[in-house]
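What follows is a single structure, written as structure tokens, with notes after it.
We're numbering straight along the sequence, starting at 1. All values below were derived from every heavy atom in this structure, side-chain atoms included, with hydrogens, water molecules and symmetry-related copies excluded.
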Amino acid sequence: MEKEKQNELREQLMPALQCKYDEFRLLGYNQVTMEQIWDCLVQKKWKNFKEEKKLFELVNDILSLQIGEYMSFVTMKSYKEQRSSENDDLETLLKELL
């Protein structure tokens, strides 16, 4: 999905995003951010965004997002970032040694 379309959709979907954010916070997940929820939706639920989805379908995707799906996404993203950072550190160390 192109960045311009994402920004436009995000503005339209902000009430549903806010609702999901509030729900997760109410459940005690205080580290949740709107940005992470949006990233989860874009990278997981809307990964293969080929056909034109209707607005109500996108709202349904947001409201049906379960905390388990979200936490799995955040955990995997964190793990990948950590691995990438470790690989960068190893590359830097190898370059210094050579």
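- Ion pairing between E23 and K20 holds under the 4.0 Å rule for side-chain N and carboxylate O.
- To the nearest 0.5 Å, atom CD of residue Q66 and atom OG of residue S72 are 13.0 Å apart.
- We find the CG-CG distance between L63 and L58 to be 11.0 Å, quoted to the nearest 0.5 Å.
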Pair Q31, V74 - check side-chain contact (heavy atoms from CB on, under 4.5 Å), show working.
CA-CA 11 Å; Q31 270 56 356; V74 172; over 6 Å; no
Step-by-step side-chain contact (heavy atoms from CB on, under 4.5 Å) determination, M34 to M14
CA-CA 9 Å; M34 290 254 241; M14 192 52 71; 3.6 Å; yes
Assess the residue pair E69 and K45 against the criterion (side-chain contact (heavy atoms from CB on, under 4.5 Å)); give the C-alpha distance rounded to whole Å, side-chain angles, the decisive distance to 0.1 Å, and a yes or no.
CA-CA 10 Å; E69 291 176 279; K45 285 208 180 233; 3.7 Å; yes
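- Using a 3.5 Å distance cut-off with no hydrogens or angles, the side chains of D22 and Q18 do pair a donor with an acceptor.
- Nearest heavy-atom pair across W38 and L17 is CE3-CD1, 3.6 Å.
- The minimum heavy-atom distance linking W46 with D61 is given by the pair NE1-OD2, 2.7 Å.
- R25 and V32 make their closest contact through NH1-O, 4.1 Å (heavy atoms, listed as atom of the first residue, atom of the second, distance).
- Using cut-offs of 30° and 60° on the angle between ring planes, the pair Y29 and F24 is perpendicular.
- Put simply, the side chain of T75 gets close to the backbone of M71: a donor and an acceptor are under 3.5 Å apart.
- Salt bridge E35/R10: present, at least one basic N to carboxylate O contact under 4.0 Å.
- Minimum heavy-atom separation, I62 to A16: CG2-O, 3.5 Å.
- The two residues Y70 and C40 make their nearest non-hydrogen contact at CA-SG, 4.1 Å.
- In terms of hydrophobic clustering, with Ile, Leu, Val, Met, Phe, Trp and Tyr side chains grouped at heavy-atom distances under 4.5 Å, L65 and L27 are assigned to a common cluster.
- Note: L41 CG to Q6 CD = 10.5 Å, rounded to the nearest 0.5 Å.
- With rounding to the nearest 0.5 angstrom, the CD1 atom of I37 is 12.5 Å from the CG atom of L13.
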